[in-house]
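Heads up, the thing below is written out as structure tokens.
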Amino acid sequence: MAAKNIAEVVIAGKVLKITGYESTEYLHQVAAYINDKISQFEEMEEYRKQPGDQKQILIYMNLADDFFKASRQAEQQKAELEKKEKEMYSLRHDLIESQMARENLEHTSREEREKLELEAKEKLESVKKSCKEKLEQQEAEHLEKLGQQEAKLREELGQKEAELKQKEAGLRGELEQEYEEKRRALEEEVRRELQQDYEAQQKGLRQSIQEELEQGYQERQASFEAGLREELDREYQEKQEAFEQICLERMEELEQDGGGRKAKEELERFKSASREEAESLRAQIRGLRHEIMKLEAENRSRGSRSNGNRSSYNN
């Protein structure tokens, strides 16, 4: 009885010790075949998604399928070999018969020998032709099988390419959708930031314009009121000085004339003139106040127009 051989092999990343009556080279070839099958399955995305026990079952089924296909192919080759052996046996039999006939020809006459040789040649040519036809038929059958296998492989390749194209189209659609969502989010964020910056700048500009208008209005109003007050004080001072001068002159005239009635008349005329002067001053003050109110209304209308322009610009 032959001794068992022990070989250390690596299967699926694990070091295993295998014993058997076969040679160590054969055991390594078996391990390499199993590793190739596992690598082929690992390249498939559907296989990687399966649980561990399901993966083992798929590998077992694939190995069994390869075994049955190899057994079927070996049986077919064995049947073809038996068929060829039978044909070779028939050819040998015909060859032996032809040799026997040739030996018999040696004991016959020359004419009979020639006749037998001719028959033997014809029979041999017939056998050769028959063998050639059978060989051509077998070659045609073999080519037909190869063509069928090639067509099957092309069909499987087309299916794989269609699956890859479908997956590629799905992945491209997902990437385009994700890119569109990110682009919209980025545009919205940029629009929001620009809107915030614009509103902040608009608010600062509006506040700055309003402050400048208010400051200018206050400066103009203060300047106008100061000028008006200075002019009224100056005019009042001049009127008062003139009034005091007139009073002094009238008093001197009354003292010189010594008349009471005439003094009273002059005094009444002076009072009347003073009232008219006072009314004139009041009218001037009312006119100045009207001018101030008009300027205030103009400033308000300018402020409202500037606000309206800014609001229309914002819209």
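Just so it is clear, the values below take in all heavy atoms, side chains as well, and ignore hydrogens, waters and symmetry mates.
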Polar side chain donor-acceptor pair, Gln29 to Glu25, under 3.5 angstrom: no
Atom of Val9, atom of Leu27 and distance for their closest heavy-atom approach: CG1-O, 4.1 Å
Show me the donor-acceptor pairs within less than 3.5 Å that the side chains of residues 31-40 make with the rest of the protein, sequence neighbours left out.
from, atom 1, to, atom 2, distance (Å)
Tyr33, OH, Asp66, OD2, 2.6
Asn35, OD1, Ala12, N, 3.0
Asn35, ND2, Val10, O, 2.6
Asn35, ND2, Ala31, O, 3.2
Lys37, NZ, Asn62, OD1, 3.0
Lys37, NZ, Asp66, OD2, 2.6
Ser39, OG, Asn35, O, 2.9

Set of ring pair (Phe, Tyr, Trp, His ring centres under 6.0 Å) partners for Tyr47, sequence neighbours left out: Phe41
Interatomic spacing from CD in Gln99 to CG in Asp94 - rounded to 0.5 Å: 11.5 Å
Salt bridge flag under 4.0 Å for residues Glu180 and Arg184: yes
Glu122 side chain reached by Glu125 side chain, heavy atoms, under 4.5 Å: no
Sidechain N-carboxylate O distance under 4.0 Å for Glu46, Lys49: no
Side-chain touch Met100/Ile96, heavy atoms, less than 4.5 angstrom: yes
Arg48 to Glu42 - nearest heavy-atom pair and separation: NH1-O, 2.7 Å
Can you give the donor-acceptor pairs under 3.5 Å from side chains of residues 78-88 to other protein atoms, not counting sequence neighbours?
none

Expected output: side-chain Ser71 to main-chain Phe67 donor-acceptor under 3.5 Å: yes
Non-hydrogen atoms of Glu22 and Asn5 that approach each other most closely: O-ND2, 2.7 Å
Same apolar cluster (I L V M F W Y, side chains within < 4.5 Å links), Ile11/Ile6: no
Straight-line distance of Arg72 CZ to Glu75 CD, nearest 0.5 Å: 8.0 Å
